[in-house]
Q: 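Handing you this structure, nothing more for now.
For the single chain, residues carry numbers from 1 onward in sequence order.
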Amino acid sequence: MIDLWQEIYGTIKRNKLRTFLTGFAVAWGIFMLIVLLGAGNGIIHAFEQNASERALNSIRIFPGWTTKSYDGLKEGRRVQLDNRDMDDTEKQFTENVISAGATVRQSNVNVSFGQEYINISLLGVYPNYTEVETVKTADGRFINYNDLKDRRKVIILHKKSADILFGKTHTNPIGQFVNASGVAYQVVGLYNDQGDREANEAYIPFSTLQTIYNKGDKLNSIIFTTKNLSSMESNEAFEKEYRKAIATNHRFDPTDDSAIWIWNRFTNYLQTQNAMGILRTAIWVIGIFTLLSGIVGVSNIMLITVKERTREFGIRKALGAKPFSILWLIIVESVTITTLFGYIGMVAGIGVTEWMNSAFGSQTMDAGMFQQTMFSDPTVDLGIAVQATLTLIIAGTLAGFFPAKKAVSISPIEALRTD
(Lines give C-alpha, C1' and ligand atoms only; values in the text may rest on other atoms or scores of the structure.)
Protein backbone atom coordinates (compact mmCIF):
# COMPACT_ATOMS: atom_id res chain seq x y z
CA MET A 1 0.00 0.00 0.00
CA ILE A 2 2.93 2.34 0.77
CA ASP A 3 4.34 1.69 -2.69
CA LEU A 4 0.98 2.57 -4.18
CA TRP A 5 0.85 5.94 -2.44
CA GLN A 6 4.45 6.68 -3.32
CA GLU A 7 3.71 5.98 -6.97
CA ILE A 8 0.61 8.22 -6.92
CA TYR A 9 2.63 10.96 -5.22
CA GLY A 10 5.36 10.68 -7.83
CA THR A 11 2.85 10.95 -10.69
CA ILE A 12 1.23 14.02 -9.18
CA LYS A 13 4.63 15.61 -8.48
CA ARG A 14 5.74 15.15 -12.10
CA ASN A 15 2.60 16.91 -13.35
CA LYS A 16 2.05 19.67 -10.78
CA LEU A 17 0.40 22.26 -13.03
CA ARG A 18 -1.85 19.77 -14.77
CA THR A 19 -2.92 18.25 -11.46
CA PHE A 20 -3.53 21.68 -9.93
CA LEU A 21 -5.70 22.90 -12.82
CA THR A 22 -7.68 19.68 -12.81
CA GLY A 23 -8.10 19.78 -9.04
CA PHE A 24 -9.12 23.43 -9.17
CA ALA A 25 -12.04 22.52 -11.46
CA VAL A 26 -13.16 19.90 -8.92
CA ALA A 27 -12.72 22.31 -5.99
CA TRP A 28 -14.68 25.00 -7.81
CA GLY A 29 -17.51 22.59 -8.55
CA ILE A 30 -17.95 21.48 -4.92
CA PHE A 31 -17.41 25.07 -3.74
CA MET A 32 -20.28 26.29 -5.94
CA LEU A 33 -22.47 23.38 -4.82
CA ILE A 34 -21.98 24.23 -1.13
CA VAL A 35 -22.47 27.99 -1.67
CA LEU A 36 -25.62 27.44 -3.75
CA LEU A 37 -26.98 25.03 -1.13
CA GLY A 38 -26.21 27.55 1.61
CA ALA A 39 -27.93 30.38 -0.24
CA GLY A 40 -30.90 28.14 -0.97
CA ASN A 41 -31.08 27.12 2.69
CA GLY A 42 -31.10 30.81 3.63
CA ILE A 43 -34.26 31.30 1.57
CA ILE A 44 -35.84 28.05 2.76
CA HIS A 45 -35.05 28.73 6.45
CA ALA A 46 -36.56 32.21 6.11
CA PHE A 47 -39.74 30.68 4.67
CA GLU A 48 -39.92 28.13 7.48
CA GLN A 49 -39.33 30.83 10.09
CA ASN A 50 -42.10 33.02 8.68
CA ALA A 51 -44.45 30.03 8.58
CA SER A 52 -43.70 29.02 12.18
CA GLU A 53 -44.35 32.49 13.58
CA ARG A 54 -47.88 32.80 12.21
CA ALA A 55 -50.92 30.53 12.40
CA LEU A 56 -51.01 28.55 9.17
CA ASN A 57 -54.74 27.96 9.56
CA SER A 58 -55.50 31.67 9.25
CA ILE A 59 -57.15 33.77 6.58
CA ARG A 60 -57.27 37.54 6.12
CA ILE A 61 -59.85 39.27 3.95
CA PHE A 62 -59.16 42.67 2.40
CA PRO A 63 -61.44 44.91 0.32
CA GLY A 64 -60.87 45.32 -3.40
CA TRP A 65 -62.37 46.71 -6.60
CA THR A 66 -64.86 44.96 -8.86
CA THR A 67 -63.68 44.12 -12.38
CA LYS A 68 -66.98 42.72 -13.65
CA SER A 69 -70.41 44.28 -14.04
CA TYR A 70 -73.09 42.53 -12.01
CA ASP A 71 -76.79 42.90 -11.24
CA GLY A 72 -77.03 46.19 -13.15
CA LEU A 73 -73.94 47.63 -11.45
CA LYS A 74 -70.83 48.63 -13.39
CA GLU A 75 -67.35 47.36 -12.77
CA GLY A 76 -64.79 49.49 -10.91
CA ARG A 77 -66.79 49.75 -7.68
CA ARG A 78 -64.96 49.83 -4.35
CA VAL A 79 -66.02 46.97 -2.04
CA GLN A 80 -65.94 48.21 1.56
CA LEU A 81 -66.06 45.48 4.21
CA ASP A 82 -68.29 46.06 7.23
CA ASN A 83 -69.42 44.50 10.51
CA ARG A 84 -72.07 42.42 8.74
CA ASP A 85 -69.34 40.61 6.81
CA MET A 86 -67.52 39.83 10.03
CA ASP A 87 -70.70 38.56 11.68
CA ASP A 88 -71.51 36.37 8.66
CA THR A 89 -68.02 34.90 8.84
CA GLU A 90 -68.79 33.51 12.29
CA LYS A 91 -72.46 32.61 11.75
CA GLN A 92 -72.43 31.10 8.26
CA PHE A 93 -69.19 29.14 8.46
CA THR A 94 -69.30 27.52 11.88
CA GLU A 95 -67.98 24.24 10.43
CA ASN A 96 -64.74 25.87 9.31
CA VAL A 97 -64.18 29.05 11.34
CA ILE A 98 -62.71 28.81 14.85
CA SER A 99 -62.65 32.49 15.76
CA ALA A 100 -63.14 35.67 13.76
CA GLY A 101 -62.06 39.24 14.26
CA ALA A 102 -61.45 42.41 12.32
CA THR A 103 -59.17 45.42 12.14
CA VAL A 104 -59.78 49.12 11.59
CA ARG A 105 -57.11 51.79 11.41
CA GLN A 106 -56.73 55.45 12.40
CA SER A 107 -53.53 57.01 11.06
CA ASN A 108 -51.48 60.02 12.18
CA VAL A 109 -52.45 60.09 15.84
CA ASN A 110 -50.24 62.09 18.21
CA VAL A 111 -49.77 60.16 21.45
CA SER A 112 -48.17 62.04 24.35
CA PHE A 113 -47.13 61.56 27.97
CA GLY A 114 -45.90 64.66 29.73
CA GLN A 115 -43.54 66.51 27.39
CA GLU A 116 -42.86 63.51 25.16
CA TYR A 117 -44.95 62.54 22.14
CA ILE A 118 -44.93 60.24 19.11
CA ASN A 119 -46.97 60.07 15.91
CA ILE A 120 -48.33 56.58 15.25
CA SER A 121 -51.29 54.69 13.83
CA LEU A 122 -53.95 53.20 16.07
CA LEU A 123 -55.16 49.76 15.03
CA GLY A 124 -58.45 48.53 16.42
CA VAL A 125 -58.25 44.76 16.84
CA TYR A 126 -59.96 41.73 18.34
CA PRO A 127 -58.27 39.48 20.93
CA ASN A 128 -57.56 36.85 18.24
CA TYR A 129 -55.14 39.22 16.49
CA THR A 130 -52.17 37.70 18.34
CA GLU A 131 -53.13 34.24 17.05
CA VAL A 132 -52.67 35.38 13.46
CA GLU A 133 -49.89 37.99 13.54
CA THR A 134 -46.43 38.03 15.13
CA VAL A 135 -47.34 40.28 18.02
CA LYS A 136 -45.70 39.16 21.25
CA THR A 137 -46.87 40.64 24.54
CA ALA A 138 -43.74 41.86 26.33
CA ASP A 139 -45.41 43.22 29.47
CA GLY A 140 -48.94 43.51 30.80
CA ARG A 141 -51.67 42.03 28.61
CA PHE A 142 -53.31 42.28 25.20
CA ILE A 143 -56.85 43.29 24.24
CA ASN A 144 -59.53 41.02 25.74
CA TYR A 145 -63.24 40.54 25.09
CA ASN A 146 -64.28 42.69 28.07
CA ASP A 147 -62.34 45.59 26.50
CA LEU A 148 -64.24 44.96 23.28
CA LYS A 149 -67.65 44.63 24.92
CA ASP A 150 -67.32 47.73 27.13
CA ARG A 151 -65.46 49.82 24.52
CA ARG A 152 -62.72 50.46 27.03
CA LYS A 153 -60.09 53.13 26.33
CA VAL A 154 -57.06 50.92 26.76
CA ILE A 155 -53.95 50.80 24.61
CA ILE A 156 -51.06 48.42 23.94
CA LEU A 157 -47.87 50.23 22.93
CA HIS A 158 -44.77 48.97 21.18
CA LYS A 159 -41.78 48.75 23.54
CA LYS A 160 -39.95 51.35 21.46
CA SER A 161 -42.89 53.75 21.75
CA ALA A 162 -42.99 53.20 25.50
CA ASP A 163 -39.26 53.92 25.76
CA ILE A 164 -39.74 57.25 24.01
CA LEU A 165 -42.74 58.28 26.10
CA PHE A 166 -41.65 56.98 29.51
CA GLY A 167 -37.90 56.41 29.25
CA LYS A 168 -36.70 59.82 30.41
CA THR A 169 -38.85 59.80 33.55
CA HIS A 170 -38.16 56.11 34.24
CA THR A 171 -41.88 55.56 34.70
CA ASN A 172 -43.42 52.10 34.45
CA PRO A 173 -45.81 52.43 31.46
CA ILE A 174 -48.32 49.84 32.69
CA GLY A 175 -51.29 51.61 34.27
CA GLN A 176 -50.31 55.09 33.04
CA PHE A 177 -52.59 57.23 30.87
CA VAL A 178 -51.47 58.66 27.54
CA ASN A 179 -53.14 61.40 25.52
CA ALA A 180 -54.02 60.38 21.94
CA SER A 181 -55.19 63.57 20.18
CA GLY A 182 -57.40 64.52 23.09
CA VAL A 183 -58.49 61.04 24.14
CA ALA A 184 -57.01 59.45 27.28
CA TYR A 185 -56.03 55.79 27.02
CA GLN A 186 -54.70 53.62 29.80
CA VAL A 187 -51.62 51.58 28.92
CA VAL A 188 -52.37 47.95 29.78
CA GLY A 189 -49.63 46.22 27.79
CA LEU A 190 -46.45 46.44 25.76
CA TYR A 191 -45.63 44.32 22.72
CA ASN A 192 -42.83 43.24 20.42
CA ASP A 193 -43.32 42.10 16.85
CA GLN A 194 -41.25 40.16 14.32
CA GLY A 195 -37.81 41.67 14.03
CA ASP A 196 -38.70 44.39 16.57
CA ARG A 197 -39.25 46.75 13.66
CA GLU A 198 -40.16 50.43 13.71
CA ALA A 199 -42.74 51.18 16.40
CA ASN A 200 -45.45 52.71 14.24
CA GLU A 201 -48.57 51.03 15.61
CA ALA A 202 -50.47 50.81 18.86
CA TYR A 203 -53.45 48.54 19.49
CA ILE A 204 -56.81 49.45 21.01
CA PRO A 205 -60.14 47.55 21.09
CA PHE A 206 -61.83 47.35 17.69
CA SER A 207 -65.17 48.64 19.02
CA THR A 208 -63.47 51.58 20.75
CA LEU A 209 -61.77 52.78 17.58
CA GLN A 210 -64.92 52.42 15.48
CA THR A 211 -66.88 54.52 18.00
CA ILE A 212 -64.36 57.26 18.86
CA TYR A 213 -63.15 57.90 15.33
CA ASN A 214 -66.55 57.70 13.62
CA LYS A 215 -65.81 54.69 11.43
CA GLY A 216 -69.43 53.61 11.46
CA ASP A 217 -69.62 49.89 10.70
CA LYS A 218 -66.71 49.93 8.24
CA LEU A 219 -63.54 47.92 8.76
CA ASN A 220 -60.18 47.40 7.04
CA SER A 221 -59.84 43.64 7.16
CA ILE A 222 -61.36 40.47 8.55
CA ILE A 223 -59.15 37.93 10.32
CA PHE A 224 -60.11 34.40 11.27
CA THR A 225 -58.63 30.98 11.99
CA THR A 226 -59.97 27.85 10.35
CA LYS A 227 -60.51 24.16 11.04
CA ASN A 228 -61.28 21.06 8.96
CA LEU A 229 -59.43 22.53 5.97
CA SER A 230 -56.42 20.29 5.52
CA SER A 231 -55.92 20.28 1.75
CA MET A 232 -55.59 22.69 -1.13
CA GLU A 233 -58.91 21.48 -2.54
CA SER A 234 -60.88 21.98 0.68
CA ASN A 235 -59.42 25.47 1.12
CA GLU A 236 -60.29 26.44 -2.44
CA ALA A 237 -63.84 25.16 -1.96
CA PHE A 238 -64.15 27.18 1.27
CA GLU A 239 -62.82 30.34 -0.41
CA LYS A 240 -65.37 29.93 -3.19
CA GLU A 241 -68.25 29.68 -0.72
CA TYR A 242 -66.91 32.54 1.37
CA ARG A 243 -66.55 34.81 -1.65
CA LYS A 244 -70.13 33.97 -2.59
CA ALA A 245 -71.39 35.03 0.88
CA ILE A 246 -69.55 38.37 0.78
CA ALA A 247 -70.73 38.87 -2.82
CA THR A 248 -74.32 38.59 -1.62
CA ASN A 249 -73.74 41.37 0.93
CA HIS A 250 -72.11 43.74 -1.55
CA ARG A 251 -73.71 42.74 -4.88
CA PHE A 252 -70.70 41.73 -6.89
CA ASP A 253 -70.03 38.72 -9.11
CA PRO A 254 -68.94 35.76 -6.91
CA THR A 255 -66.38 34.84 -9.59
CA ASP A 256 -64.79 38.30 -9.44
CA ASP A 257 -61.53 37.56 -7.60
CA SER A 258 -60.58 41.25 -7.46
CA ALA A 259 -63.63 42.32 -5.46
CA ILE A 260 -62.08 41.01 -2.25
CA TRP A 261 -58.60 39.72 -1.63
CA ILE A 262 -58.41 36.44 0.29
CA TRP A 263 -55.01 35.84 1.82
CA ASN A 264 -54.99 32.20 2.89
CA ARG A 265 -51.79 31.36 4.73
CA PHE A 266 -52.29 27.61 4.41
CA THR A 267 -52.57 27.59 0.61
CA ASN A 268 -49.73 30.12 0.40
CA TYR A 269 -47.67 27.79 2.57
CA LEU A 270 -48.35 24.80 0.32
CA GLN A 271 -47.55 26.80 -2.82
CA THR A 272 -44.35 28.17 -1.32
CA GLN A 273 -43.38 24.72 -0.07
CA ASN A 274 -43.69 23.38 -3.62
CA ALA A 275 -41.59 26.30 -4.85
CA MET A 276 -38.97 25.58 -2.19
CA GLY A 277 -38.85 21.94 -3.33
CA ILE A 278 -38.27 23.05 -6.92
CA LEU A 279 -35.59 25.49 -5.72
CA ARG A 280 -33.81 22.78 -3.74
CA THR A 281 -33.87 20.43 -6.73
CA ALA A 282 -32.65 23.16 -9.08
CA ILE A 283 -29.75 23.97 -6.75
CA TRP A 284 -28.68 20.32 -6.61
CA VAL A 285 -28.95 19.94 -10.39
CA ILE A 286 -26.90 23.10 -11.06
CA GLY A 287 -24.36 22.18 -8.39
CA ILE A 288 -24.00 18.58 -9.58
CA PHE A 289 -23.50 19.66 -13.20
CA THR A 290 -20.89 22.20 -12.08
CA LEU A 291 -19.18 19.43 -10.14
CA LEU A 292 -19.40 17.07 -13.11
CA SER A 293 -17.52 19.53 -15.27
CA GLY A 294 -14.59 19.15 -12.88
CA ILE A 295 -15.00 15.37 -12.76
CA VAL A 296 -14.86 15.20 -16.57
CA GLY A 297 -11.59 17.12 -16.35
CA VAL A 298 -10.21 14.51 -13.94
CA SER A 299 -11.29 11.72 -16.28
CA ASN A 300 -9.58 13.41 -19.24
CA ILE A 301 -6.38 13.89 -17.27
CA MET A 302 -6.41 10.25 -16.23
CA LEU A 303 -6.82 9.25 -19.89
CA ILE A 304 -3.78 11.37 -20.75
CA THR A 305 -1.90 9.75 -17.89
CA VAL A 306 -2.79 6.28 -19.17
CA LYS A 307 -1.63 7.21 -22.67
CA GLU A 308 1.67 8.56 -21.35
CA ARG A 309 2.24 5.40 -19.32
CA THR A 310 1.18 2.89 -21.99
CA ARG A 311 4.69 1.35 -22.20
CA GLU A 312 4.88 1.14 -18.40
CA PHE A 313 1.55 -0.66 -18.06
CA GLY A 314 2.42 -3.05 -20.88
CA ILE A 315 5.72 -3.97 -19.28
CA ARG A 316 3.98 -4.50 -15.94
CA LYS A 317 1.54 -6.92 -17.53
CA ALA A 318 4.42 -8.71 -19.28
CA LEU A 319 6.12 -9.12 -15.91
CA GLY A 320 2.99 -10.68 -14.45
CA ALA A 321 1.14 -7.72 -12.91
CA LYS A 322 -2.51 -8.52 -12.40
CA PRO A 323 -5.05 -6.34 -14.27
CA PHE A 324 -6.71 -5.47 -10.92
CA SER A 325 -3.51 -3.85 -9.61
CA ILE A 326 -3.39 -1.52 -12.63
CA LEU A 327 -7.13 -0.84 -12.37
CA TRP A 328 -6.76 -0.10 -8.65
CA LEU A 329 -3.80 2.24 -9.22
CA ILE A 330 -5.68 4.48 -11.70
CA ILE A 331 -8.90 4.56 -9.66
CA VAL A 332 -7.10 5.38 -6.38
CA GLU A 333 -5.16 8.17 -8.10
CA SER A 334 -8.40 9.60 -9.52
CA VAL A 335 -10.19 9.37 -6.16
CA THR A 336 -7.21 10.95 -4.40
CA ILE A 337 -7.15 14.00 -6.68
CA THR A 338 -10.93 14.36 -6.59
CA THR A 339 -11.27 13.95 -2.82
CA LEU A 340 -8.29 16.14 -1.91
CA PHE A 341 -9.30 19.12 -4.01
CA GLY A 342 -12.98 18.48 -3.40
CA TYR A 343 -12.40 18.67 0.35
CA ILE A 344 -10.57 21.97 -0.11
CA GLY A 345 -13.50 23.31 -2.15
CA MET A 346 -16.01 22.06 0.41
CA VAL A 347 -14.17 23.70 3.33
CA ALA A 348 -13.95 26.96 1.36
CA GLY A 349 -17.67 26.73 0.55
CA ILE A 350 -18.58 26.15 4.19
CA GLY A 351 -16.41 29.13 5.12
CA VAL A 352 -18.29 31.33 2.67
CA THR A 353 -21.69 30.16 3.98
CA GLU A 354 -20.57 30.96 7.53
CA TRP A 355 -19.54 34.41 6.35
CA MET A 356 -22.92 34.84 4.66
CA ASN A 357 -24.58 33.81 7.91
CA SER A 358 -22.68 36.41 9.95
CA ALA A 359 -23.10 39.17 7.35
CA PHE A 360 -26.59 38.50 5.96
CA GLY A 361 -27.98 35.83 8.28
CA SER A 362 -31.18 37.67 9.17
CA GLN A 363 -32.40 39.83 6.30
CA THR A 364 -35.95 41.17 6.50
CA MET A 365 -38.19 43.15 4.21
CA ASP A 366 -40.93 45.54 5.29
CA ALA A 367 -44.02 44.47 3.34
CA GLY A 368 -46.33 47.18 4.65
CA MET A 369 -48.73 45.18 6.78
CA PHE A 370 -45.98 42.96 8.13
CA GLN A 371 -42.26 42.37 8.10
CA GLN A 372 -41.07 39.36 6.11
CA THR A 373 -37.84 37.48 6.74
CA MET A 374 -36.17 37.03 3.35
CA PHE A 375 -32.88 35.34 4.25
CA SER A 376 -32.01 33.38 7.39
CA ASP A 377 -29.19 31.04 8.46
CA PRO A 378 -27.61 30.32 5.03
CA THR A 379 -25.54 27.39 6.30
CA VAL A 380 -25.14 23.77 5.22
CA ASP A 381 -25.68 21.09 7.84
CA LEU A 382 -23.40 18.11 8.46
CA GLY A 383 -25.65 15.70 6.59
CA ILE A 384 -25.32 17.70 3.40
CA ALA A 385 -21.54 17.89 3.83
CA VAL A 386 -21.42 14.08 4.18
CA GLN A 387 -23.57 13.72 1.06
CA ALA A 388 -21.22 16.04 -0.82
CA THR A 389 -18.21 13.98 0.34
CA LEU A 390 -19.83 10.72 -0.78
CA THR A 391 -20.69 12.37 -4.09
CA LEU A 392 -17.02 13.29 -4.48
CA ILE A 393 -15.84 9.73 -3.78
CA ILE A 394 -18.36 8.23 -6.20
CA ALA A 395 -17.51 10.83 -8.83
CA GLY A 396 -13.78 10.24 -8.39
CA THR A 397 -14.30 6.50 -8.80
CA LEU A 398 -16.30 7.02 -11.99
CA ALA A 399 -13.72 9.50 -13.28
CA GLY A 400 -10.97 6.92 -12.92
CA PHE A 401 -12.92 3.81 -13.92
CA PHE A 402 -12.95 4.29 -17.69
CA PRO A 403 -9.28 5.35 -17.96
CA ALA A 404 -8.45 2.39 -15.71
CA LYS A 405 -10.29 -0.01 -18.03
CA LYS A 406 -8.29 1.40 -20.91
CA ALA A 407 -5.06 0.85 -18.96
CA VAL A 408 -6.05 -2.76 -18.20
CA SER A 409 -6.74 -3.41 -21.89
CA ILE A 410 -3.18 -2.44 -22.90
CA SER A 411 -1.27 -5.47 -24.11
CA PRO A 412 2.51 -5.90 -23.89
CA ILE A 413 2.74 -5.95 -27.72
CA GLU A 414 0.82 -2.63 -27.91
CA ALA A 415 3.18 -1.17 -25.31
CA LEU A 416 6.26 -2.16 -27.34
CA ARG A 417 4.86 -0.42 -30.42
CA THR A 418 4.61 2.85 -28.47
CA ASP A 419 7.42 5.31 -29.12
Side-chain angles (χ1 to χ4, degrees), residues 54-107 121-129 131-133 148 201 205-211 213-272 367-370 372:
R54 294 181 173 89
L56 288 181
N57 63 326
S58 64
I59 295 178
R60 293 193 71 168
I61 311 297
F62 297 92
W65 298 82
T66 61
T67 57
K68 300 178 181 180
S69 57
Y70 181 77
D71 198 20
L73 300 173
K74 293 183 178 181
E75 69 276 9
R77 291 184 297 117
R78 172 71 169 171
V79 176
Q80 179 64 62
L81 299 174
D82 54 38
N83 290 350
R84 177 178 53 171
D85 299 321
M86 209 274 294
D87 293 337
D88 288 346
T89 300
E90 287 189 312
K91 294 176 181 177
Q92 294 187 27
F93 299 95
T94 54
E95 291 295 319
N96 299 116
V97 174
I98 299 175
S99 63
T103 66
V104 62
R105 180 181 296 274
Q106 180 66 27
S107 302
S121 295
L122 296 181
L123 192 65
V125 297
Y126 274 66
N128 74 331
Y129 189 79
E131 300 173 11
V132 178
E133 298 301 332
L148 210 65
E201 285 183 347
F206 175 87
S207 56
T208 303
L209 196 147
Q210 267 195 337
T211 302
Y213 298 98
N214 298 319
K215 300 295 184 179
D217 65 346
K218 306 304 179 186
L219 50 88
N220 293 116
S221 69
I222 299 172
I223 303 174
F224 55 92
T225 50
T226 61
K227 59 183 177 181
N228 304 325
L229 299 175
S230 56
S231 66
M232 183 74 76
E233 293 73 20
S234 60
N235 275 272
E236 290 175 349
F238 171 80
E239 289 180 19
K240 184 177 180 180
E241 291 301 313
Y242 187 85
R243 196 179 296 276
K244 188 182 297 183
I246 304 301
T248 300
N249 291 344
H250 297 278
R251 295 176 62 192
F252 64 81
D253 190 334
T255 63
D256 188 353
D257 293 340
S258 298
I260 58 171
W261 178 36
I262 300 179
W263 184 29
N264 188 326
R265 282 205 174 102
F266 182 76
T267 56
N268 286 345
Y269 174 78
L270 293 180
Q271 292 166 356
T272 309
M369 297 175 300
F370 56 91
Q372 189 86 0

Q: Is there a side-chain contact between His250 and Ile260 in this structure, where contact means two heavy atoms from C-beta onward sitting under 4.5 Å apart?
A: no
Q: Report the distance from atom OH of Tyr129 to atom CD1 of Ile223, rounding to the nearest 0.5 Å.
A: 6.0 Å
Q: Cut-off 3.5 Å, no hydrogens considered: what does the side-chain donor-acceptor table look like for residues 91-104, sequence neighbours left out?
A:
residue	atom	partner	partner atom	Å
Asn96	ND2	Lys227	O	3.3
Ser99	OG	Thr225	OG1	3.3
Thr103	OG1	Ser221	OG	2.5

Q: Side chains of Asp217 and Arg84: does their closest heavy-atom pair fall under 4.5 Å?
A: no
Q: Just so I know, are the side chains of Pro127 and Leu148 near enough to count as touching, which here means a heavy-atom distance under 4.5 Å?
A: yes
Q: Checking Tyr213 now: which residues fulfil side-chain hydrogen bond (donor to acceptor under 3.5 Å, both in side chains) with it, not counting sequence neighbours?
A: Tyr185
Q: Tell me which pairs pass salt bridge (charged side-chain N to carboxylate O under 4.0 Å, His left out) where either residue lies in residues 250-263, with sequence neighbours left out.
A: Asp71-Arg251, Arg243-Asp257
Q: Output the distance between atom OG1 (Thr66) and atom CG (Leu73), rounded to the nearest 0.5 Å.
A: 8.0 Å
Q: Hey, what do you get for CZ (Arg60) to CD1 (Ile262), rounding to the nearest 0.5 Å?
A: 14.0 Å
Q: Find the distance between CG (Leu209) and CG (Leu122) and round it off to the nearest 0.5 Å.
A: 6.0 Å
Q: If the condition is side-chain hydrogen bond (donor to acceptor under 3.5 Å, both in side chains), which residues does Ser69 pass it with, not counting sequence neighbours?
A: none
Q: Between OG1 of Thr89 and CD1 of Ile246, what distance do you get to the nearest 0.5 Å?
A: 5.0 Å
Q: Under the salt bridge (Lys or Arg N to Asp or Glu O under 4.0 Å) criterion, do Glu133 and Arg265 qualify, and how do the steps go?
A: CA-CA 11 Å; Glu133 298 301 332; Arg265 282 205 174 102; 3.0 Å; yes
Q: Please identify each residue that fulfils side-chain hydrogen bond (donor to acceptor under 3.5 Å, both in side chains) with Asp82, with sequence neighbours left out.
A: none
Q: Just jot down the ring-ring contact (aromatic ring centres under 6.0 Å, His included) partners of Phe252, sequence neighbours excluded, or say none.
A: none
Q: Quick check: Phe238 with Phe266 (ring centres under 6.0 Å apart)?
A: no
Q: Quick one: does Thr267's side chain get under 4.5 Å of Glu239's, heavy atoms only?
A: yes
Q: If the condition is side-chain hydrogen bond (donor to acceptor under 3.5 Å, both in side chains), which residues does Lys68 pass it with, not counting sequence neighbours?
A: Thr255
Q: State whether the side chain of Thr226 and the backbone N or O of Asn57 hold a donor-acceptor pair below 3.5 Å, judged by distance alone.
A: yes
Q: Could you check whether any side-chain heavy atom of Asn264 comes within less than 4.5 Å of a side-chain heavy atom of Tyr242, counting everything from C-beta outward?
A: no
Q: So, using salt bridge (Lys or Arg N to Asp or Glu O under 4.0 Å) as the criterion, who are the partners of Glu241 when residues are at least two apart?
A: Lys244
Q: Okay, side chain of Arg105, backbone of Asn220: is any donor-acceptor separation there less than 3.5 Å?
A: no
Q: Would you mind reporting whether Ile222 and Asp85 have side-chain heavy atoms less than 4.5 Å apart?
A: yes
